[in-house]
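Worksheet: one structure, shown below.
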Amino acid sequence: MEFFNIGNISKDNFRLCANKLLNECFILKSCAETKSCYYFILRKKEVFSSYFDFLGYDIVINEEYGVICLNNSYGTGRLRLRLLDSIILLILRIIYIEEQKKLNDSVIICVDEVYDRYYSLREKHISKTDMRSVMSLLRRYHIIKNIDTDMGNPDTRIQIYPSVILSVDSTELNRIYENTQEKLNTYVNGGEKYVNEEDSDEIKVD
């Protein structure tokens, strides 16, 4: 198999890129930290496909968005998200789609826009501590990149990566949206005193 015939330098690159796929979920052409791996995987996609197939993964290469990720064939390896994380993820996805319709190559916003959209949805404020926590999680998996330091500061700029589109498939997205709306409607109608931010959903992060 070709995997065993690649040279020493390629083996080093292979280990680096394979570990990034397993640990960081998304490899992006537009992300400086993963750009070299993106092109390496494209050149060696048969090798990666064979290797990850052995481990029970399908390698997903979306050249339109410039994103590479893994899909577990057995439906495992998903990251559990709190309701709060899911809401912020959906907000970022909506913003990304809206900005893409304006033909913007890079989607860069201020965190203040996320605060505003969250408040318009929940009619309550999210703390800076919680915002930092969510943004740090999404940055770890290359869904966003912070341009400024403090991700809880409303004036901080973040870049939303195209991986936000692939982070949840359409079926899963609808389920999370409906689940979120159901919980919010129950809250608004007085059925619960609060919505538990620790309630969890799943994101497709293998």
Side-chain angles (χ1 to χ4, degrees), residues 9-49 51-52 55 57-72 77-79 81 85-86 88-114 117 131-153 155-170 172-173 202-206:
I9 295 178
S10 294
K11 285 179 182 177
D12 290 339
N13 286 338
F14 181 88
R15 292 189 187 100
L16 173 66
C17 296
N19 277 303
K20 278 187 174 291
L21 268 173
L22 287 168
N23 297 320
E24 300 175 17
C25 302
F26 294 105
I27 300 294
L28 297 103
K29 179 171 64 175
S30 56
C31 175
E33 296 175 16
T34 62
K35 185 175 182 178
S36 61
C37 279
Y38 176 84
Y39 285 109
F40 180 75
I41 293 170
L42 281 185
R43 291 195 303 270
K44 295 288 186 179
K45 57 185 176 183
E46 293 82 7
V47 179
F48 280 90
S49 180
Y51 177 78
F52 283 109
L55 298 178
Y57 290 93
D58 297 318
I59 187 165
V60 178
I61 299 176
N62 189 310
E63 295 190 59
E64 177 185 358
Y65 289 114
V67 178
I68 299 174
C69 60
L70 295 175
N71 180 49
N72 191 287
R78 292 174 180 264
L79 177 68
L81 293 182
D85 301 324
S86 297
I88 298 299
L89 179 63
L90 294 179
I91 288 172
L92 292 173
R93 182 182 171 121
I94 290 169
I95 293 172
Y96 183 87
I97 292 172
E98 290 174 351
E99 292 299 315
Q100 283 293 290
K101 289 179 180 177
K102 301 175 186 177
L103 302 179
N104 292 332
D105 292 332
S106 297
V107 178
I108 297 175
I109 64 167
C110 287
V111 173
D112 188 53
E113 184 170 353
V114 182
R117 296 211 185 201
M131 183 65 79
R132 290 188 194 101
S133 174
V134 176
M135 291 297 179
S136 295
L137 175 70
L138 299 180
R139 179 183 60 183
R140 186 185 316 155
Y141 295 111
H142 300 305
I143 294 173
I144 65 160
K145 167 190 174 183
N146 59 306
I147 297 173
D148 303 309
T149 304
D150 184 359
M151 290 187 290
N153 188 327
D155 294 328
T156 291
R157 295 165 297 162
I158 61 168
Q159 179 177 353
I160 307 174
Y161 285 132
S163 50
V164 73
I165 298 295
L166 303 179
S167 61
V168 185
D169 62 34
S170 297
E172 194 72 10
L173 180 66
E202 290 184 344
I203 178 177
K204 185 180 177 181
V205 175
D206 294 297

Are the side chains of Leu16 and Cys37 in touch, meaning some heavy atoms are under 4.5 Å apart?
yes

Verdict with supporting geometry, Phe52 and Leu22, side-chain contact (heavy atoms from CB on, under 4.5 Å)
CA-CA 10 Å; Phe52 283 109; Leu22 287 168; 3.9 Å; yes

Non-hydrogen atoms of Val67 and Tyr38 that approach each other most closely
N-CE1, 3.8 Å

Does the side chain of Val47 come within less than 4.5 Å of Phe14's, by heavy atoms?
yes

Could you tell me the separation between the CG atom of Leu138 and the CG atom of Asp85, rounded to the nearest 0.5 Å?
7.0 Å

Okay, side chain of Thr156, backbone of Val111: is any donor-acceptor separation there less than 3.5 Å?
no

Mind checking the CD1-CG spacing from Ile165 to Leu92? Nearest 0.5 Å is all I need.
10.5 Å

Donor-acceptor contacts, no H, no angles, side chain residues 145-152, under 3.5 Å, sequence neighbours left out:
residue : atom : partner : partner atom : Å
Asn146  : OD1  : Arg139  : NH1          : 3.1
Asn146  : ND2  : Asp148  : O            : 2.9
Asp148  : OD1  : Arg157  : NH2          : 2.9
Asp148  : OD2  : Arg157  : N            : 2.9
Asp148  : OD2  : Arg157  : NE           : 3.0
Asp150  : OD1  : Arg132  : NE           : 2.7
Asp150  : OD1  : Gly152  : N            : 2.9
Asp150  : OD2  : Arg132  : NH2          : 3.3

Are Ile68 and Thr34 side-chain neighbours, meaning at least one heavy-atom pair lies under 4.5 Å?
no

What's the spacing between Ile108 CD1 and Ile95 CD1 if we round to 0.5 Å?
13.5 Å

Can you find a pair of side-chain heavy atoms, one from Tyr65 and one from Lys29, that are under 4.5 Å apart?
no

Leu42 vs Ile61 side-chain heavy atoms within contact, under 4.5 Å
yes

Shortest non-hydrogen contact between Ile143 and Ser163, atoms and distance
CA-OG, 3.4 Å

Identify the two heavy atoms, one from Glu46 and one from Arg43, that lie closest to each other, and give their separation to 0.1 Å.
OE1-O, 4.3 Å

Could you tell me whether a side-chain N or O of Ser167 sits under 3.5 Å from a main-chain N or O of Val164, the two making a donor and an acceptor?
yes

Can you tell me how far apart CD1 (Ile160) and CD1 (Ile158) are? Round to the nearest 0.5 Å.
5.0 Å

Rounded distance (nearest 0.5 Å) linking atom OG of Ser30 with atom OH of Tyr161
6.0 Å

Got a sec, which residues hit side-chain hydrogen bond (donor to acceptor under 3.5 Å, both in side chains) with Arg117, two or more places apart in sequence or on another chain?
Glu98, Glu113

Applying side-chain contact (heavy atoms from CB on, under 4.5 Å) to Ile109 and Val114, what does each step give before you reach the verdict?
CA-CA 9 Å; Ile109 64 167; Val114 182; 3.8 Å; yes

Flag the pair Ser106 / Gln159 as yes when at least one side-chain heavy-atom distance between them is below 4.5 Å, and no otherwise.
yes

For the residue pair Met135 and Ile144, establish whether any side-chain heavy-atom pair is separated by less than 4.5 Å.
yes

Should Ile41 and Cys17 be marked as a side-chain contact (heavy atoms from CB on, under 4.5 Å) after you check the CA-CA gap, both sets of side-chain angles, and the distance that decides it?
CA-CA 7 Å; Ile41 293 170; Cys17 296; 4.1 Å; yes

Any side-chain heavy-atom pair of Asp112 and Asn153 under 4.5 Å:
no

Under 6.0 Å from the CD atom of Glu33, do we count more than 12 heavy atoms belonging to anything else shown?
no

Rounded to the nearest 0.5 angstrom, the CZ-CG distance for Phe48 and Leu70 is 10.0 Å

Lys20: salt bridge (Lys or Arg N to Asp or Glu O under 4.0 Å) partners, not counting sequence neighbours:
Glu24

Distance-minimising heavy-atom pair for Cys25 and Tyr141:
SG-CD2, 3.1 Å

